[in-house]
Amino acid sequence: MKSYLDQGLVKDARLVFDEMPHRDVVAWTAMVEGYTSCNHHTQSWVLFSEMVKNEVTPNAFTFTSVFKACKGMKSLSCGALVHGLAIKLGMEGSIYVENAVMDMYATCCATMDDACQVFRDLCVKNAVSWTTLITGFTHRGDGYMGLRVFQQMLQEDAELNPFSFSIAVRACASIGSRTSGRQIQAAVIKCGFESNLAVMNSILDMYCRFTCLPEANQCFLEMSEKNLITWNTLIAGYQRIDSSECLYLFSQMESQGFSPNCFTFSSVAAGCADLAVLACGQQVHGGIFRRGFNQNLEVTNALIDMYAKCGNIADSRKVFDEMCDKNLVSWTSMMIGYGSHGFGKEAVELFDEMVTSGIRPDQIVFMAVLSACSHAGLVEEGLRYFHTMTSDYNVTPDQEIYGCVVDLLGRSGRVAEAYGLIQNMPIKPNESVWGALLGACKAHKLPHLGKLAATEILDLKPNTVEAYVLLSIIYAADGKWREYAKTMNLIRGMGNKKEAGRSWIEVRNQVYSFVVGDKIGSHTKRVYAILELLIQHMKETEFEPNLDCLIHDLQDGT
DNA sequence: CTAGGGTTAG
């Protein structure tokens, strides 16, 4: 059985198990453990129940495996049931069992209270007990407590090993504490763990998350040993910072003989999405297909987003339709794609289809459908979803959702209603909610309300250039040139310039990038000729061109 | 037949 299990041949191991005339605890346990180690948690649980039914008494080995299965199933009820049985059978003396119980409670419970209780009651703690507790806090997003337990571990002179350092580094990364991060890196060197791959990979990840590029690069270069995870960490890190560098690293990695896996492709596809490079994205998709990763959930989700952001919504849908199983992220990515392409109706239909298929919506998918409604002018549909999110789905609207609804109302000209919504919010509106209102005031020429919104933004976040810029446009449109000049002077004096909104398009392996009013580049004349044509079209279809944006040109005297 | 760590997606 063991030799089959070592090769991952669970079915063959089970055949041997079934043929055994007599099965003792060890045989049962080997099989239970075999299932958990292959991530077949439910089967492990079923076999354990059969074992108990057959009146075979589980031992410490059995319990550690079955707690791991409960952890895998995220089932607190199963875990608590087994814990009761373990106490009844006097397993509390085993540190292995106790650590497994702790781990189970840490992952299955809503709070860390039960895990902490087990930890406090331990007669003897070992290094695993400490790291299990730190991991519990850190993996649920409480890096502060994770670090505090790590500090306590240092104070109590517990044995330090690579495991404790890698999770402590992870905790620093999650709370963004550069100081603690550097201190722990120093301790890693002092303890002689700088040659440990997992520790160094987590330090590399930390510096990438801090956007400390010199440190990240140095760490990468100085690592004596690198594996696939090292490369994946660096590539994922650069994807968040500089996607073109991410693609370059991908080619470097391949030329150094490393074969990319699902993690690599997820990051690289996301990088192509950021850069909106369709041809490159298609090549990456080809690589994914060749290696048989085209059914991996994370990879395909990244592809949906990639095609949508590269302007090819049809292929997004194709990838989406070809998926065997979809999760919430798949549906959301598709809806965001539809929304940004102006297909509000399709996004709404997809939302309903998703709910019918039994997936429970969360805040982000509501944001996707609301923003799709907003951009497609589906105001009533949007408002209906906004109301059902609390009444039918028990999802609490956050700042971003309120921002979407303010935008939904504001875009369609119902600015007073949008303001009313802000006034009745159960939480204090943040600058992005006010920003949505300010945008609506600019579009619908409401200088008074616009000034109020801008004041709120500047109270919450002083020196927000974007607010001043919008305000100046509102003044200009209102003919308040004195106020306009004052605001412009303020903007000039601020120094922290608002970065210009930039667009780019890839045509035949060449990326063309431009900002509003750009006069650089060899194609300028043709671009402006097309623009003239479009304006002519707009006028013919009785669209009133918005001339507010021409302020900047007037200033230049053009 | 035992436990704990490092990289992906909206």
Side-chain angles (χ1 to χ4, degrees), chain A residues 1-2 5-6 13 24-34 36-37 58-68 71 94-104 106 126-136 138-139 161-171 173 193 196-206 208-209 227-237 239-240 260-271 273 293 296-306 308-309 326-337 339 362-365 367-368:
Chain A
M1 278 170 64
K2 173 90 169 93
L5 288 168
D6 281 346
D24 61 0
V25 213
V26 176
W28 281 95
T29 305
M31 200 59 231
V32 169
E33 211 281 319
T36 33
S37 59
N59 62 19
F61 289 85
T62 330
F63 277 111
T64 51
S65 293
V66 82
F67 280 125
K68 210 174 156 189
K71 175 193 173 185
S94 164
I95 186 77
Y96 287 98
V97 174
E98 292 294 88
N99 286 342
V101 170
M102 224 169 75
D103 195 20
M104 181 274 295
N126 63 12
V128 179
S129 322
W130 284 101
T131 50
T132 303
L133 194 66
I134 299 170
T135 307
T138 308
H139 279 182
N161 60 19
F163 290 87
S164 50
F165 279 114
S166 54
I167 190 63
V169 169
R170 173 84 224 191
F193 293 133
N196 182 284
L197 249 178
V199 171
M200 291 319 289
N201 285 342
S202 62
I203 290 176
L204 177 64
D205 177 59
M206 178 183 74
C208 287
R209 285 179 198 273
N227 64 2
L228 185 55
I229 297 179
T230 315
W231 279 97
N232 286 349
T233 304
L234 192 70
I235 288 172
Q239 185 264 313
R240 290 179 228 112
N261 67 2
C262 295
F263 285 86
T264 328
F265 278 118
S266 298
S267 302
V268 172
F293 295 141
N296 175 274
L297 190 63
E298 287 77 13
V299 169
T300 40
N301 286 347
L303 284 177
I304 293 172
D305 190 49
M306 184 277 287
K309 294 219 171 99
K326 308 171 175 69
N327 68 0
L328 188 57
V329 177
S330 329
W331 291 89
T332 311
S333 306
M334 198 62 236
M335 279 178 229
I336 288 176
D362 69 351
Q363 285 178 336
I364 302 175
V365 76
M367 216 182 69

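Letters A, B, ... mirror the listed sequences (proteins, then strands); counts begin at 1.
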[X] near the nucleic acid: base, sugar-phosphate alone, or nothing, with a heavy-atom cut-off under 4.0 Å?
X: Ile364(A); answer: base
X: Asp362(A); answer: base
X: Thr135(A); answer: sugar-phosphate
X: Asn296(A); answer: nothing
X: Thr233(A); answer: sugar-phosphate
X: Asn261(A); answer: nothing
X: Ala127(A); answer: base
X: Thr332(A); answer: base
X: Leu5(A); answer: nothing
X: Asp205(A); answer: sugar-phosphate
X: Val169(A); answer: nothing

Between CD1 on residue Ile364(A) and CE on residue Met335(A), distance to nearest 0.5 Å: 12.5 Å

Distance in Å, Ile167(A) CD1 paired with His139(A) NE2, rounded so as to fall on 0.5 Å steps: 4.0 Å

Any donor-acceptor pair under 3.5 Å from Asn261(A) side chain to Thr264(A) backbone: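 The answer is yes, because a donor-acceptor pair under 3.5 Å joins these two groups.
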
Test item: Asp362(A) side-chain N/O and Val365(A) main-chain N/O as donor-acceptor pair under 3.5 Å: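 Present.
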
Identify which nucleotide among [options] has an atom closest to any side-chain atom of [X], counting heavy atoms from C-beta outward.
X: Arg240(A); options: dT8(B), dC1(B), dG5(B); value: dT8(B)
X: Leu197(A); options: dG6(B), dA9(B), dA3(B); value: dG6(B)
X: His139(A); options: dG10(B), dG5(B), dT8(B); value: dG5(B)
X: Phe263(A); options: dC1(B), dG10(B), dT8(B); value: dT8(B)
X: Leu297(A); options: dG6(B), dG4(B), dA9(B); value: dA9(B)
X: Glu33(A); options: dC1(B), dG6(B), dT8(B); value: dC1(B)
X: Ser202(A); options: dT8(B), dG5(B), dG6(B); value: dG6(B)
X: Ser266(A); options: dG5(B), dT2(B), dT8(B); value: dT8(B)
X: Ser267(A); options: dG4(B), dT8(B), dG10(B); value: dT8(B)
X: Glu298(A); options: dT2(B), dG10(B), dA9(B); value: dA9(B)

What's the [atom1]-[atom2] distance between [X] and [N], to the nearest Å?
X: Asp6(A); N: dC1(B); atom1: CG; atom2: P; answer: 9 Å
X: Asn161(A); N: dG6(B); atom1: CG; atom2: P; answer: 13 Å
X: Met102(A); N: dG4(B); atom1: CE; atom2: C1'; answer: 9 Å
X: Asn327(A); N: dA9(B); atom1: CG; atom2: P; answer: 12 Å
X: Asp305(A); N: dT8(B); atom1: CG; atom2: C1'; answer: 13 Å
X: Phe163(A); N: dG5(B); atom1: CZ; atom2: P; answer: 8 Å
X: Ile235(A); N: dG6(B); atom1: CD1; atom2: C1'; answer: 15 Å
X: Phe63(A); N: dT2(B); atom1: CZ; atom2: P; answer: 17 Å

Face-to-face contact Tyr96(A) to dA3(B) six-ring, under 5.5 Å, under 30°: no

Ser129(A) and Asn126(A): side chain donor to acceptor below 3.5 Å: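 Checked: Ser129(A)/Asn126(A) side chains pair up, N/O donor to acceptor below 3.5 Å.
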
Side-chain donor-acceptor pair present, Asn232(A), Asn201(A), cut-off under 3.5 Å: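 Asn232(A) vs Asn201(A): no donor-acceptor pair found between side chains.
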
Verdict with reasoning, Leu204(A) to Met200(A), per side chain to side chain contact (heavy atoms under 4.5 Å, CB included): CA-CA 6 Å; Leu204(A) 177 64; Met200(A) 291 319 289; over 6 Å; no

Base of dG4(B) paired with side chain of Thr132(A) (donor-acceptor, under 3.5 Å): no

